[in-house]
Amino acid sequence: MKNVILLLIICLSFGSCNSSKGIKTKTSKTTKATKKRTSNTYSAPSKTIESIIDYAQTFEGTRYKYGGTTKRGMDCSGLVVTAFQKENINLPRTTSALQSTGNWIDVKDVQEGDLLFFATKKNSRKVNHVGIVTKSRPGYVEFIHSTTSRGVITSNLSERYWYLAYVQARRVI
């Protein structure tokens, strides 16, 4: 029963996250109204984003290898960097460097091609894992990433493990 209540509290807090960390906004009524109109709007992924996702998906099933960036072995940040490099977009090589690249976005506003960051170590909120959003619609976010146990796979943010480990999302293009 405690777990159900805890999960419900977490769900409610994610649903009402209005953080503006790192964003300076005007407090005028016009700005707020505009923000509400543009929030949660869906735009189709560009050809570049589609290409990045398609290339990342060619690595599905590739085993995990720390520091790896090839079909012989891939780590989570290696997958991200390799997929974006295919479109001549250079990103930092490590997860910790990636977490400050691009713009912070609310989890409700993630789109294909955005990066999701996770803290998977027990009792830690320090980011140590990253994935690329492959599908997104209200209430549903799917991402590709490389795990130590199963290699490159696609997961859903609503899976309990990933939902609880989620830290932030960033848009790099």
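In this chain, numbering begins with 1 at the start of the sequence shown. Computation of the quantities below employed the complete heavy-atom set of this structure, encompassing side-chain atoms and omitting hydrogens, waters and symmetry-equivalent molecules. No experiment lies behind these values; they were computed from the predicted model shown.
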With W162, the side chain to side chain contact (heavy atoms under 4.5 Å, CB included) member among N156, V141, T120:
T120

K71 to F59 six-membered ring, cation-pi geometry met (6.0 Å, 45°):
yes

Hey, what do you get for CD (Q99) to OG1 (T94), rounding to the nearest 0.5 Å?
8.5 Å

dist I49:CD1 -> D54:CG (nearest 0.5 Å) comes out at 12.0 Å

Kindly give the heavy-atom pair with the smallest separation between V110 and L116, and that separation in Å.
CG1-CD2, 4.1 Å

Quick check: do V127 and T95 have side-chain heavy atoms less than 4.5 Å from each other?
yes

May I ask you to decide if K121's main-chain N or O and S124's side chain share a donor-acceptor pair within less than 3.5 Å?
no

Before giving the answer on side chain to side chain contact (heavy atoms under 4.5 Å, CB included), spell out for H129 and F117 the whole-Å C-alpha distance, their side-chain angles and the decisive distance to 0.1 Å.
CA-CA 6 Å; H129 190 69; F117 293 88; over 6 Å; no

Residue pair R170 / T101: nearest heavy atoms and the distance that separates them:
NE-O, 2.8 Å

State whether the side chain of T82 and the backbone N or O of L79 hold a donor-acceptor pair below 3.5 Å, judged by distance alone.
no

Using ring centroids (six-membered ring only for Trp), state whether Y161 and Y166 fall under 6.0 Å.
no

Side-chain heavy-atom pair V133, L115 within 4.5 angstrom cut-off
no

Distance only, no hydrogens: is a donor on one side chain within 3.5 Å (strictly under) of an acceptor on the other, for E87 and S51?
yes

Side-chain heavy atoms under 4.5 angstrom apart, residues restricted to Ile, Leu, Val, Met, Phe, Trp, Tyr: same cluster for L98 and Y55?
yes

Under a 3.5 Å distance rule, please check whether R63 uses its side chain to pair with a backbone N or O of R72 as donor and acceptor.
yes

Flag the pair T48 / I173 as yes when at least one side-chain heavy-atom distance between them is below 4.5 Å, and no otherwise.
yes

Would a 4.5 Å heavy-atom cut-off, applied to side chains only, mark R125 and V167 as touching?
yes

So do the side chains of F84 and I132 get within less than 4.5 Å of each other, counting heavy atoms only?
yes

For T154 versus E60, what's the shortest heavy-atom pair and its separation?
OG1-OE2, 2.9 Å

Starting from I53, can I reach V172 by hopping between I/L/V/M/F/W/Y residues whose side chains sit under 4.5 Å apart?
yes

Are any of the side-chain heavy atoms of M74 and T70 separated by less than 4.5 Å?
no

Under a 3.5 Å threshold, yes or no: a donor from one side chain and an acceptor from the other, between D75 and S146?
no

Trace of the side chain to side chain contact (heavy atoms under 4.5 Å, CB included) decision for N90 with V81
CA-CA 7 Å; N90 295 316; V81 170; over 6 Å; no

For D109 and D106, indicate whether the former's side chain and the latter's backbone hold a donor-acceptor pair under 3.5 Å.
no

Side chains of E142 and Y140 only: does a donor on one sit below 3.5 Å from an acceptor on the other?
yes

A side-chain contact here means heavy atoms from C-beta on lying under 4.5 Å apart; do L157 and V107 qualify?
yes

Supply the atom-to-atom distance Y64 OH to C76 SG, rounded to the nearest 0.5 angstrom.
6.0 Å

Write down the atom of E112, the atom of K135, and the distance for their closest heavy-atom approach.
OE2-CA, 3.7 Å

Is it true that H145 and S155 share a donor-acceptor pair across their side chains at a distance under 3.5 Å?
yes

If we count only N and O atoms by modelled type, under 3.5 Å, do the side chains of S77 and R93 hold a donor and an acceptor together?
yes

